[in-house]
Engineer: 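Below: one structure in structure tokens.
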Number of protein chains: 2
Amino acid sequence: MNKEEQLITNFRDLFNKMVWINKYKMEDRLKGHTPSEVHCIESIEKNVDSNVRELAKSLYMTRGAISKLTKKLMTKKLIESYQKPDNKKEIYFKLTPQGKEIFRIHEDLHKEFRERDKVIFEQITDEQFEGVLHFVEKYSSHLDEEIKKQGLTIN
Amino acid sequence: MNKEEQLITNFRDLFNKMVWINKYKMEDRLKGHTPSEVHCIESIEKNVDSNVRELAKSLYMTRGAISKLTKKLMTKKLIESYQKPDNKKEIYFKLTPQGKEIFRIHEDLHKEFRERDKVIFEQITDEQFEGVLHFVEKYSSHLDEEIKKQGLTIN
DNA sequence: TTTATTTTGTTGACTAGGAAACAAAATAAT
DNA sequence: ATTATTTTGTTTCCTAGTCAACAAAATAAA
């Protein structure tokens with residue numbers, strides 16, 4: 001296995017591992033809410049005026065899935081929808097107070113995870129860290145280019 | 001958003017993006033086989049004597065899922081099972097010639113993806129590359145430690 | 001050896017999410 | 001203004017994967 005391949009593999013493995021180890025505390029602390037629901041809540045809070053399409057894009061899911069997910073979150077009273085006076089088609093979402101509470105718990109959990117992994121970030125120098133960050137960003141925008149080149153679209 | 005958080009976010013975004021952009025060519029070239037099936041074939045070929053439990057662990061799926069997945073791959077004649085003379089319980093898998101063909105196509109695709117992303121790796125110096133790789137590995141084994149500490153197990 | 005515990009794989013009920021067809025609204029074209 | 005096209009969200013059907021209960025085999029304990 002060459003280096004590039006190895007990096008991608010390790011990358012994927014790290015990602016899976018992280019999702020998996022975090023899952024337990026998440027499930028415990030956010031009992032009754034799926035990761036997707038929480039993730040959706042996070043996205044709604046962090047971006048102003050999220051509608052179905054935007055959420056689909058940022059969560060890498062289909063509009064159909066988001067449609068169902070938001071409906072579920074509405075029946076749970078965690079989010080509510082609103083529209084703009086000049087547009088009868090697009091539906092936007094915002095958190096209810098209960099939704100914000102979930103958001104807060106989620107943020108706290110992330111703070112814990114960050115604490116747990118602090119040693120990793122303490123061990124490396126600033127420039128090493130910048131190197132990694134820069135690499136990820138560069139790779140990401142390269143893929144954006146390729147996506148554009150291939151004419152792929154989120155639908 | 002602090003730096004650690006940002007790295008994780010970019011990280012996740014890059015990962016999703018990569019899965020997504022690769023999906024199209026995959027689906028085209030490996031029509032009739034799901035990503036999971038292909039991933040499973042890959043794992044069987046790359047590790048000797050994979051059984052259900054091992055596959056579950058390496059693919060981050062439940063044993064139940066692997067049980068069904070391997071069954072499907074068997075009816076498709078892409079893999080076959082075997083047992084060891086001294087153990088009537090554990091079931092191991094290996095690829096059939098048709099399975100190996102799928103494996104080969106998958107490998108070729110990865111070669112293409114590597115080619116597509118070559119520029120990224122060409123742009124960075126060896127030591128920058130090593131830095132990234134080292135970081136990922138370090139993080140991964142840190143999580144291994146934490147997993148052990150928390151007494152989590154794959155079941 | 002006999003019994004209890006653990007490991008391994010399987011099955012059935014259930015759920016999340018994708019694909020595609022659809023309706024309604026918005027925008028573009030004429 | 002009218003018509004055609006595109007965008008946005010919804011719904012139905014279907015599949016992949018989880019969970020939990022289970023049986024059989026292997027291992028540990030007695």
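Order of the sequence lines sets the chain letters (A, B, ...), proteins ahead of strands, with each chain counted from 1.
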Engineer: Does OP1 or OP2 of D/dA25 have a side-chain N or O of B/Asn87 closer than 4.0 Å?
Structural biologist: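 So the side-chain polar atoms of B/Asn87 never come under 4.0 Å of the phosphate oxygens OP1 or OP2 of D/dA25.
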Engineer: Roughly how many Å is it from NZ in A/Lys88 to P in C/dA23, rounded to a whole number?
Structural biologist: 21 Å
Engineer: Any donor-acceptor pair under 3.5 Å between the side chain of B/Lys68 and the base of D/dT18?
Structural biologist: yes
Engineer: Between B/Phe93 and B/Tyr82, does the ring centre distance come in under 6.0 Å?
Structural biologist: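 That pair fails the under 6.0 Å test.
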Engineer: Heavy-atom nearest nucleotide on DNA chain C for A/Ile66 versus A/Glu90: which residue maps closer to 5'?
Structural biologist: A/Ile66
Engineer: Of all the heavy-atom pairs spanning A/Lys72 and A/Thr75, show the shortest one and how long it is.
Structural biologist: O-OG1, 2.8 Å
Engineer: Could you check which of D/dG9, C/dT10, D/dC19 has an atom nearest any side-chain atom of A/Glu27?
Structural biologist: D/dC19
Engineer: With a cut-off of less than 4.0 Å, is there a side-chain N or O of B/Arg53 near OP1 or OP2 of C/dT8?
Structural biologist: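 So the side chain of B/Arg53 is within the cut-off, an N or O lying under 4.0 Å from OP1 or OP2 of C/dT8.
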Engineer: Below the 4.0 Å mark, does C/dG17 have OP1 or OP2 next to a side-chain nitrogen or oxygen of A/Ser36?
Structural biologist: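 The answer is yes; a side-chain N or O of A/Ser36 sits under 4.0 Å from OP1 or OP2.
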Engineer: Please report the distance, rounded to the nearest Å, between NZ in A/Lys23 and P in C/dA16.
Structural biologist: 14 Å
Engineer: Side-chain N or O of B/Lys72 versus OP1/OP2 of D/dA16: is the shortest distance under 4.0 Å?
Structural biologist: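 Yes, B/Lys72 has a side-chain N/O under 4.0 Å of OP1/OP2 on D/dA16.
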Engineer: Test the A/Lys84-A/Tyr92 pair against the cation-pi criterion, namely NZ or CZ under 6.0 angstrom from the six-membered ring centroid and within 45° of the ring axis.
Structural biologist: yes
Engineer: Can you tell me how far apart CG (B/Asn87) and CD (B/Glu90) are? Round to the nearest 0.5 Å.
Structural biologist: 4.5 Å
Engineer: Would one find a side-chain N or O of A/Lys89 under 4.0 angstrom from OP1 or OP2 of C/dA23?
Structural biologist: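 Checking A/Lys89 against C/dA23: no side-chain N or O falls below 4.0 Å of OP1 or OP2.
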